[in-house]
Protein chains: 2
Amino acid sequence: MAVQTEPVRRTPLTRDRVLRAAVAFADGIGIEALSMRKLAKELGVVPMALYKHVANKEQLLDGMVDVVMSEIAPPAPGSDWKGAVRHRILSARRALLGHPWAAQVIQTRSSPTPVVLAYMDSVIGMFRTGGFSVDLTHHVMHALGGRMMGLTQELFDAPPSPGPQAQPVTPTEGAGDYPYVRELAGAVVHDEASVVGQGCDDQFEFEFALDLLLDGFERLRQQGWSSAGRSGPARP
Amino acid sequence: MAVQTEPVRRTPLTRDRVLRAAVAFADGIGIEALSMRKLAKELGVVPMALYKHVANKEQLLDGMVDVVMSEIAPPAPGSDWKGAVRHRILSARRALLGHPWAAQVIQTRSSPTPVVLAYMDSVIGMFRTGGFSVDLTHHVMHALGGRMMGLTQELFDAPPSPGPQAQPVTPTEGAGDYPYVRELAGAVVHDEASVVGQGCDDQFEFEFALDLLLDGFERLRQQGWSSAGRSGPARP
DNA sequence: ACCTGAACACCGTTCAAGT
DNA sequence: ACCTGAACACCGTTCAAGT
């Protein structure tokens, strides 16, 4: 009689298991190496089996973003609007920093998942209960943009520095050069060696920009600013 | 005797022709449809012929960005730093708007091309000659981030509105809803119908955020702000 | 030396054939 | 009804064979 063969895998495939495996894969090997086929192999499953749990690769990426979002700390109770928003956004940033691929993937999503919407809803709510009009809240959310989710709109990792321990920034060179870029890069390199041991303190830059915006928001709120006149913040 | 056969194409392939064709292709059909193979066919050329002019697809994309950057107006002479920066950035934004794919492509570049560096250099120079210290200029450039190149860090095109002429925003609904998102979306829809004929005035939002930042920069400059104390803009 | 067809090593997804 | 192997219609890029 036929022996009952031991099943190869006992934990059944679920959407959750697929998503978590995808996140782990992207964390480890990188998002550009993530393919449906490789992910299936990683899970010991035939590629088509994944399509039982995610409609396509886009939905897989949506789900991966949701996993990251779930790591954001819940709202801190009982602080003023600025502290609450600041806390939430810095927590979002911490979540993103744990998954280097997340920022890029978030920026390619074409519409927000319910999880993302819930997060946005909570941030909007902080402004509204903090005394911001619907009108001002709307513009303020646009001004925050991706920073609301902890994204930094950095363009490049760093100016193309000629290697960490290269020549000590010869201050004059060919006219086809970029003197101001060079000046800035030189200052950053100096800072790196003497102060923080890191070319540029990303956390500081993030908070600098965030606080600049939040302070501006507060000023407009106090002024009772409204877009009725269709003029920008500068002209009250 | 063999007749001198008319050559099929007379204008020889150049890097410039490749890049311009790629830009036109992306403008027309969309960036996600752009492939080396299709671009070659568009140019009436075998795929491998492209590799004579661009090392690979990444370099093709770099070159496409350069084409867009070349459309940015040169610096306006003789204005204060804020006017100069504002003018340049809004010009960059206009260039980007003409090429819907450009923002996304720029954000995936891993290092700046010389053309991009030259642009950054000119913006940095405006701050420096406008009285900003190297230190403050550095942070200010980070705070501008992609906005310096006209990018808006919008996350999604719009909140998932239920169609332009859907039900008139029933103000109460299930608890699993997003009341604040709904409130904002409702106000925007109202605005659309009565004021601008567009759900959300992207140009206004861009300038709102830009001016908020520029005003903040000016304030810090006047205060002689420096990062020496490692505290953000809020605490002077 | 230059050019290019075929090939390689992949993709995401469809679909029909198996159980 | 469910599952899955093979197939489809692509990719970017290498490489060896042709001129």
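Numbered from 1 within each chain, the chains take letters A, B, ... in sequence-line order. Quantities reported herein were computed from a predicted structural model and do not represent experimental measurements.
- In a base pair of the Watson-Crick type (N1 to N3 plus N6-O4 or O6-N4) or a G-U wobble (N1-O2 and O6-N3), with each distance short of 3.5 Å, C:dG12 is matched with D:dC8.
- When Watson-Crick and G-U wobble pairs are counted only if both distances are under 3.5 Å, C:dC3 pairs with no nucleotide at all.
- The main-chain N or O of B:Glu183 is never found under 3.5 Å from a side-chain atom of A:Arg128 such that the two would form a donor-acceptor pair.
- Figure legend. C:dA17 is base-paired to no nucleotide; pairs are counted as Watson-Crick or G-U wobble with both atom distances under 3.5 Å.
- The CE atom of A:Met48 sits 16 Å away from the P atom of C:dA17 (whole-angstrom rounding).
- The separation between A:Met36 atom CE and C:dC10 atom P is 18 Å, rounded to whole Å.
- With rounding to whole Å, B:Leu50 atom CG is found 11 Å from C:dT4 atom P.
- A donor and an acceptor atom, one from each side chain of A:Ser122 and A:Arg88, are located under 3.5 Å apart.
- At whole-Å resolution of the value, CG in A:Leu13 and C1' in D:dT4 are 14 Å apart.
- One atom, CG of A:Leu39, and another, P of C:dC11, lie 11 Å apart when rounded to the nearest Å.
- Spacing between D:dC8 and C:dG18 at atom P, rounded to whole Å, works out to 16 Å.
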| request: Using the side-chain contact (heavy atoms from CB on, under 4.5 Å) rule, take B:Leu212 and A:Leu212 through it: C-alpha gap first, then chi angles, then the decisive distance, then the call. | output: CA-CA 9 Å; B:Leu212 205 54; A:Leu212 206 53; over 6 Å; no
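- Atom pair A:Tyr51:OH and D:dT4:P shows a separation of 15 Å (rounding to whole Å applied).
- Side-chain atoms of B:Asp62 and B:Thr113 form no donor-acceptor pair, as typed in the model, at a separation below 3.5 Å.
- A:Lys38 places its NZ atom 9 Å from the C1' atom of C:dC10, with the value rounded to the nearest Å.
- Set against D:dT13, D:dA7, D:dG5, the side chain of A:Val46 has D:dG5 as its closest nucleotide.
- Look at NZ on A:Lys52: it is 14 Å from C1' on C:dC15, rounded to the nearest Å.
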